Amino acid sequence: MTGPGDPGFAARLLAWFDTNGRHDLPWQHPRTPYRVWLSEIMLQQTQVTVAAPYFERFVAALPDLPALAAAPLDRVLALWSGLGYYARARHLHAAARACVARHGGELPRDFAALVALPGIGRSTAGAILAQAWGERFPILDGNVRRVLCRWHGVAGWPGLPAVEKRLWQLAEAHLPGTRLADYTQAQMDFGATLCTRHAPACLLCPVRGGCVALREGRVEELPTPKPGRTLPEREAIVLQLHDAQGRVLLQRRPPIGIWASLWSLPEAPDHGAARDWFEGHLEGDYAGGEALDPVAHAFTHYRLRILPRRWRTVAPRAAVRDNDELRWVAPDQFGTLGIPAPIRRLLLAGGER
DNA sequence: AATCCGGGGGA
DNA sequence: TCCCCAGGATT
């Protein structure tokens, strides 16, 4: 009889991991608390193949926690640029500074202290403690959720509180007594390579002998997908302004909302507001701008239609000069700033003259 | 406990 | 276009 406490589950997963797991991920060598933490944050809602090159660049630039804490936020955002979910970078930076202030410049080896840091929740704290220190804490990420929903035949969208509570209980019940770092990695490798969302490799599965979904023919329908909904749409005009030296005027976004604190193009909700802003900041004629092709960008909760408008040579009004919110930036400097991916693409595509 | 927030890439 | 990927914060 297999059940929630079945010790064979973890044992079989570990045996599979030894020969089939991923043992060469960049954050595994060396597996320091700082690198584990950084990798866990980068991997939130982000696939391994996407995060890996960002991780390598990040640790090359900021190799330890004190270096991260000492870096300006702009530098951290620049290293994050293109990875998305920029709140993660701001939280990471704030957490590093909190560790310097409260924990002697190191990541605390304590669940409550970890969860108290910005950007670290229950699952990430468990992952850090298990991977960095071998402590006995469960995780519940997308992989573990999918595996547990199938193996135990748990129906209902995992985002529902009752389902999530049940999954945490199951994750806790499966924990082995030893090898917690390997077990944590094994679950994620298993979910990412065998127990995938579509077309899982059940024939190769090390725990197929207890899987409720496999036995009942429900593998493809579990976990229950999130209920769908239609997303609202918004529009925004962005102003692509070049000066005589080929530089582009960038504006820092507000510290809250989407793309918080990143550098972007000046933006307005409609042409009236865009014209007002243009006439307040620049010499020249708003109507002289060239309308570029719209750019569609989908967020999780709404769709944004970006309407770019370009001026090849404009000059600022005498009273307007570079400041904290606004600066002229040469194309070879784009890499040093945190710029949202669709805006960066627009700048690189529209930069040729 | 319920709700909100948010980039990108693969299918 | 849809879906979801190593979730967390806010209320």
Side-chain angles (χ1 to χ4, degrees), chain A residues 21-22 25-28 35-55 77 80-92 94-95 114-128 130-131 138-147 149 157-165 167-168 171 181 183-193 195-199 223-234 253 256-262 264 295-304 306 338-345:
Chain A
R22 296 177 290 190
L25 297 172
W27 37 89
Q28 296 174 324
R35 291 163 64 91
V36 168
W37 171 42
L38 176 62
S39 72
E40 288 301 325
I41 301 302
M42 282 192 169
L43 289 163
Q44 288 171 3
Q45 310 290 314
T46 305
Q47 293 174 345
V48 166
T49 54
V50 176
Y54 285 87
F55 178 88
L77 289 172
W80 210 271
S81 187
L83 196 50
Y85 290 122
Y86 297 95
R88 295 183 296 175
R90 287 184 282 110
H91 288 150
L92 183 80
L114 283 172
V115 168
L117 293 170
I120 299 181
R122 181 175 177 182
S123 187
T124 298
I128 291 170
Q131 301 237 36
I139 61 169
L140 189 62
D141 56 24
N143 290 309
V144 177
R145 264 198 290 280
R146 186 168 57 252
V147 170
C149 281
W157 177 53
L160 293 172
V163 178
E164 187 183 351
K165 182 179 176 183
L167 294 176
W168 274 112
Y183 176 66
T184 301
Q185 188 63 45
Q187 293 174 91
M188 299 191 281
D189 290 356
F190 174 59
T193 63
C195 198
T196 50
R197 183 66 184 91
H198 297 289
T224 307
K226 178 184 178 131
R229 55 186 149 82
T230 61
L231 302 177
E233 293 200 28
R234 298 181 197 170
R253 297 186 57 86
I256 56 172
I258 65 162
W259 298 335
S261 300
L262 270 66
S264 186
V295 176
H297 190 71
F299 293 103
T300 307
H301 53 297
Y302 68 91
R303 300 178 193 286
L304 180 64
I306 300 170
I339 300 173
I343 301 297
R344 185 182 295 278
R345 278 195 296 273

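Every chain is numbered from 1, with letters handed out A, B, ... down the list of sequences. Keep in mind the model is a prediction, meaning the values are calculated, not measured.
For Arg90(A), there are no side-chain hydrogen bond (donor to acceptor under 3.5 Å, both in side chains) partners two or more places apart in sequence or in a different chain. Residues passing the side-chain hydrogen bond (donor to acceptor under 3.5 Å, both in side chains) test with Thr46(A) are Arg88(A), sequence neighbours excluded. Evaluation of the side-chain hydrogen bond (donor to acceptor under 3.5 Å, both in side chains) rule for Arg35(A) yields no partner, not counting sequence neighbours.
Spacing between dC5(C) and dC5(B) at atom C1', rounded to whole Å, works out to 16 Å. When the C1' atom is compared between dA6(C) and dT3(B), the two are found 23 Å apart, to the nearest whole Å.
Rounded to an integer number of Å, the gap from Tyr86(A) OH to dG7(B) P is 7 Å. Between Ile339(A) atom CD1 and dG8(B) atom C1' the separation is 17 Å, expressed in whole Å. Per the geometry, NZ belonging to Lys226(A) stands 13 Å off C1' belonging to dA2(B), to the nearest Å. Going from atom CH2 of Trp157(A) over to atom C1' of dC3(C) covers 13 Å, rounded to whole Å. Note: CZ (Arg88(A)) to P (dC5(C)) measures 15 Å, nearest angstrom.
Within the nucleic acid shown, Leu25(A) comes within 4.0 Å of at least one base atom, counting heavy atoms only. Within 4.0 Å of Gln185(A), counting heavy atoms only, lies at least one base atom of the nucleic acid. No engagement by Trp37(A) is indicated, since no non-hydrogen atom pair under 4.0 Å with the nucleic acid exists. No contact: Arg344(A) has no heavy atom under 4.0 Å from any strand. In this structure, Val144(A) reaches neither bases nor backbone, as no heavy-atom distance under 4.0 Å exists between it and the strands shown. When heavy atoms are screened at a 4.0 angstrom cut-off, Ala341(A) is found touching the sugar-phosphate backbone but no base atom.
Of all the heavy atoms in Pro340(A) and Tyr86(A), the pair that sits closest is CA-OH, 4.2 Å.
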Polar-atom pairs under 3.5 Å, protein N or O versus N or O of nucleotides 7-11 of chain C: list them with distances, or write none.
unit_1, atom_1, unit_2, atom_2, d
dG7(C), OP1, Gly142(A), N, 2.8
dG7(C), OP2, Gln45(A), N, 2.7
dG7(C), OP2, Gln45(A), NE2, 3.4
dG7(C), O5', Gln45(A), NE2, 3.4
dG7(C), O4', Gln45(A), NE2, 3.3
dG7(C), O3', Thr124(A), OG1, 3.2
dG8(C), OP1, Gly121(A), N, 2.9
dG8(C), OP1, Thr124(A), N, 3.1
dG8(C), OP1, Thr124(A), OG1, 2.3
dA9(C), OP1, Gly119(A), N, 2.5

Dump every N/O contact between nucleotides 9-11 of chain B and the protein below 3.5 Å, one line per pair.
none

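Val147(A) has its side chain out of reach of Gln187(A): every pair of non-hydrogen atoms, C-beta onward, lies at least 4.5 Å apart. Looking only at side-chain heavy atoms (C-beta outward), Met42(A) and Val50(A) stay at 4.5 Å or farther from each other. Counting heavy atoms from C-beta on, the side chains of Leu25(A) and Phe55(A) never come closer than 4.5 Å. Put simply, the side chain of Met188(A) reaches to within 4.5 Å of the side chain of Ile139(A), judged on heavy atoms. Within the 4.5 Å cutoff, no side-chain heavy atoms of Asn143(A) are placed close to those of Phe190(A). Side-chain contact between Arg197(A) and Pro223(A) is present, with heavy atoms from C-beta onward closer than 4.5 Å. Residues Tyr183(A) and Pro138(A) are not in side-chain contact: their nearest non-hydrogen atoms beyond the backbone lie 4.5 Å or more apart.
Listed candidates were dA1(B), dC4(C), dG7(B). Nearest to the side chain of Arg197(A) is dC4(C).
Along DNA chain B, the nucleotide closest to Ala260(A) and the one closest to Leu160(A) are compared, and the more 5′ of them pairs with Leu160(A).
Remark: Trp259(A) is in phosphate contact with dG7(B), judged by side-chain N or O atoms under 4.0 Å from OP1 or OP2.
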Quiz item: side-chain contact (heavy atoms from CB on, under 4.5 Å) between Val48(A) and Arg22(A): does it pass, once the steps are laid out?
Solution: CA-CA 11 Å; Val48(A) 166; Arg22(A) 296 177 290 190; 3.7 Å; yes
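Scanning DNA chain B for stems, defined as runs of 3 or more consecutive Watson-Crick or G-U wobble pairs whose donor-acceptor distances all fall under 3.5 Å, gives the following ranges: B:1-5 with C:7-11, B:7-11 with C:1-5.
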